[in-house]
Amino acid sequence: MYELEPFMAELERKNPAQPEFIQAAREVLESVIDVVNDNPVYEKNRILERITEPDRTFLFRVDWEDDQGNIQVNRGYRVQFNNALGPYKGGLRFHSSVTLGGLKFLGFEQMFKNSLTTLPMGGGKGGSDFNPRGKSDSEILRFCRSFMTELQKYIGPDTDVPAGDIGVGAREIGFLYGQYKRIQGENTGVLTGKGRNFGGSLIRPEATGFGTMYFADEMLKAHNDTIKGKTISISGFGNVAWGAVMKASQLGAKVVTISGPDGYIYDENGIGTQEKWDFMTYLRASNNDIVEPYAKKFGAKFIAGKKPWEVSVDMAFPCAIQNELSLEDAKTLVANGVRYIVETSNMGCQAEAVTYFQERKIPFGPGKAANAGGVAVSGLEMSQNAMHLSWTAEEVDQRLHDIMINIHTSCVSEGTEENGYINYVKGANIAGFKKIADAMVQMGY
Ligand code: 2IT
């Protein structure tokens, strides 16, 4: 029999100063421990010990030259967490907060998320503490070249397929892929999120945001409700927020906030026009990491230094970064009448906030289910690359939609409690875990 607390104590002892990894592991283990103890074959195969230890981790130095001719030094990482279901798959994050522990949490989450998509992908994550804020395009190019010069040793289209994440969008993927191709001399699906002209999939840029709205739509249907007419708050202003804002508007909801490190925008008219969506893309490409210019351009309010969770809405979608929504924020949202939370950033809510929502029986969709559309379309990009052809936007969007509906169904079947409350966290963790654990058992140690 596994016991949660002694297991967690040992995991913490082995992974000191990795609080996010411990937080992510605790959440999954709390959900799956009964399933594991009911199936002795899992303990016999030491699945919990094996699933909480990455297969391997690469840590390397990245030297690059800034525009003044100074040599800058950053750290690069790739965590290959688990490849039981397929090649390691997961994004690269360029952000000043990146640490090994942070990437281990992301790789761990990625493994279960990828399992939920039902596509053949294992879990991995990588990145650097390089901060794109204020960097010129040529600095970003030089950094990407240097980063890939080392990373290319460890990845390949059938072994490990990175993609984007925070700070890594189409521009960075293009630079990274260019360097991979220069060194390896091959056109392969070794990265996803590529440009349209060199193997990228239609709908990949929109996929995470579209997917979270498809998932939300299913959540509402399961509660005899509809997304049409709902008022929504979104945090962040990058790729994920952009896709989510567009799909929410198309489904008839009104998004009233986006946010950045500088504060949040409150747009009472709704962020519902192509011009506003294009402006979000422009803000991201400008490398300044601020949203304030939106307020001036569209006559909306800018609230400096605050998060959007103080606004009264029907649904809240954290779309920025881990732990961005605290217990205090959860209390404010609930006091203001929020009815659904759809975590779209990876582990966007602190553990106490999640518990607070669940105790009040507020439907809470966890990131590893709600945001799986991004990596799902990455998986579809791999399929298209392997076949050397490309699908239409309609075909990719339809497959994405079906995958999100299936993920919702899996959450409901594994997570519905006796009182009828759908515990999406538990459902996603159990459904994601079982496939990986069974594959590991079947393949031996
Ligand atoms: O967190 C995520 O799922 C991603 N950053 C996307 C990963 C991918 O391989 O597309």
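Keep in mind it's a predicted model, so treat the numbers as computed, not measured. Note that ligands are numbered from 1 as they come in the structure, with each ligand's atoms numbered from 1 the same way.
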* **Side-chain ion pair, R399 and D397, N-O less than 4.0 Å** => no
* **Sub-4.0 Å heavy-atom environment of ligand 1, residues by chain** => K89, G90, G91, Q110, K113, K125, A163, G164, D165, R204, N346, G374, V375, S378
* Donor-acceptor pair, side chain of S146 and main chain of R142, under 3.5 angstrom -> no
* Asked: Between R75 and D129, does at least one N-O distance fall below 4.0 Å, as a salt bridge requires?
  -> no
* Taking only residues two or more places apart in sequence, or in another chain, which ones meet F364 in a ring pair (Phe, Tyr, Trp, His ring centres under 6.0 Å)? -> none
* If you measure from the Lys or Arg side-chain nitrogens to the Asp or Glu carboxylate oxygens, is any gap between K221 and D225 under 4.0 Å? -> no
* **Salt-bridge criterion met for E109 and K368 (N-O under 4.0 Å)** => yes
